[in-house]
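Here the structure comes first, spelled out in structure tokens, and everything after it is commentary.
These values consider heavy atoms only, across backbone and side chains, with no hydrogens, waters or symmetry-generated copies.
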Amino acid sequence: MGRIGSWLTGLALVTLVVVVPSEAAAQDQGEVYTMTAERSRQVQTTLAGIEADKAGFVHQLLMSWLPYVDNAQYDLFGELQPIAMRAPAWQLYGASLVGDFTTMVRILRGEES
């Protein structure tokens, strides 16, 4: 992976960690979340970063679930990686935002919107 790919992947992960909690906090307080031009640019940058290094993003996504998944029951990299690699960036981004493994898998499979 090149320097730009590493940078974009890092940016995507930082965006997920830094921006998402503020959205969740707004939703928890019953506020309506409004897409701003700045947030729209952040999302577009994140999606471009995912497309630029899809393999790296998928690897990080699956690695984040590895400690919580029973490998004897579910082979993350054997079963889910090929599905994730076919998913468009927006779908990967959406899957990375959920905190539930089953929902993440369903999103990657196109079963949730």
Side-chain angles (χ1 to χ4, degrees):
M1 167 173 26
R3 228 182 244 187
I4 293 175
S6 296
W7 181 82
L8 288 173
T9 300
L11 177 63
L13 294 174
V14 167
T15 301
L16 292 176
V17 171
V18 174
V19 176
V20 172
S22 62
E23 289 178 28
Q27 292 172 356
D28 288 345
Q29 297 170 5
E31 297 175 25
V32 175
Y33 181 75
T34 303
M35 178 63 76
T36 63
E38 176 62 26
R39 179 66 180 127
S40 179
R41 283 189 294 277
Q42 290 172 346
V43 170
Q44 291 302 317
T45 300
T46 300
L47 294 177
I50 292 170
E51 280 299 328
D53 185 21
K54 187 183 274 189
F57 188 85
V58 167
H59 180 76
Q60 288 296 323
L61 177 62
L62 298 181
M63 287 299 292
S64 71
W65 286 103
L66 195 59
Y68 309 103
V69 175
D70 179 8
N71 292 332
Q73 187 177 15
Y74 199 94
D75 178 11
L76 278 175
F77 289 93
E79 294 178 50
L80 201 52
Q81 187 174 27
I83 293 167
M85 288 301 295
R86 288 189 301 270
W90 63 266
Q91 198 169 356
L92 290 170
Y93 182 56
S96 72
L97 297 176
V98 298
D100 175 72
F101 180 75
T102 302
T103 303
M104 188 230 13
V105 171
R106 294 187 70 192
I107 289 171
L108 288 177
R109 289 182 175 159
E111 299 169 359
E112 294 275 336
S113 55

- What is the distance from atom CD of Gln81 to atom CG of Leu62, rounded to the nearest 0.5 Å? 6.0 Å
- Show your reasoning for whether side-chain contact (heavy atoms from CB on, under 4.5 Å) applies to Met104 and Ile107. CA-CA 5 Å; Met104 188 230 13; Ile107 289 171; 5.8 Å; no
- Under 3.5 Å: donor-acceptor pair, side chain of Lys54, backbone of Ala87: yes
- Can you tell me how far the CZ atom of Phe57 sits from the OG1 atom of Thr46, to the nearest 0.5 Å? 8.0 Å
- Any residue meeting side-chain hydrogen bond (donor to acceptor under 3.5 Å, both in side chains) with Gln73, in chain and number order, not counting sequence neighbours: none
- Considering all heavy atoms, the nearest Val98-Trp65 contact: O-CZ2, 4.0 Å
- Message: List the residues meeting side-chain hydrogen bond (donor to acceptor under 3.5 Å, both in side chains) with Asp100, not counting sequence neighbours, and say none if there are none.
- Response: Thr103
- If you round to the nearest 0.5 Å, how far is OG1 of Thr45 from CD of Gln42? 8.0 Å
- Rounded to the nearest 0.5 Å, how far does CG of Leu92 lie from CZ of Arg86? 11.5 Å
- Message: For the CD atom of Gln91 and the CG atom of Leu108, what is their distance to the nearest 0.5 Å?
- Response: 6.5 Å
- Item | For Phe77, all residues meeting ring pair (Phe, Tyr, Trp, His ring centres under 6.0 Å), sequence neighbours excluded | His59
- Note on the structure: Applied to residues 41-50, the salt bridge (Lys or Arg N to Asp or Glu O under 4.0 Å) test, sequence neighbours excluded, yields Glu38-Arg41
- Item | Euclidean distance, Asp70 CG relative to Asp75 CG, rounded to 0.5 Å | 11.5 Å
- On a heavy-atom basis, the closest approach of Met85 and Val58 is SD-CG2, 3.8 Å
- Could you pull out all residues at least two apart from Trp90 that satisfy side chain to side chain contact (heavy atoms under 4.5 Å, CB included)? Leu47, Pro88
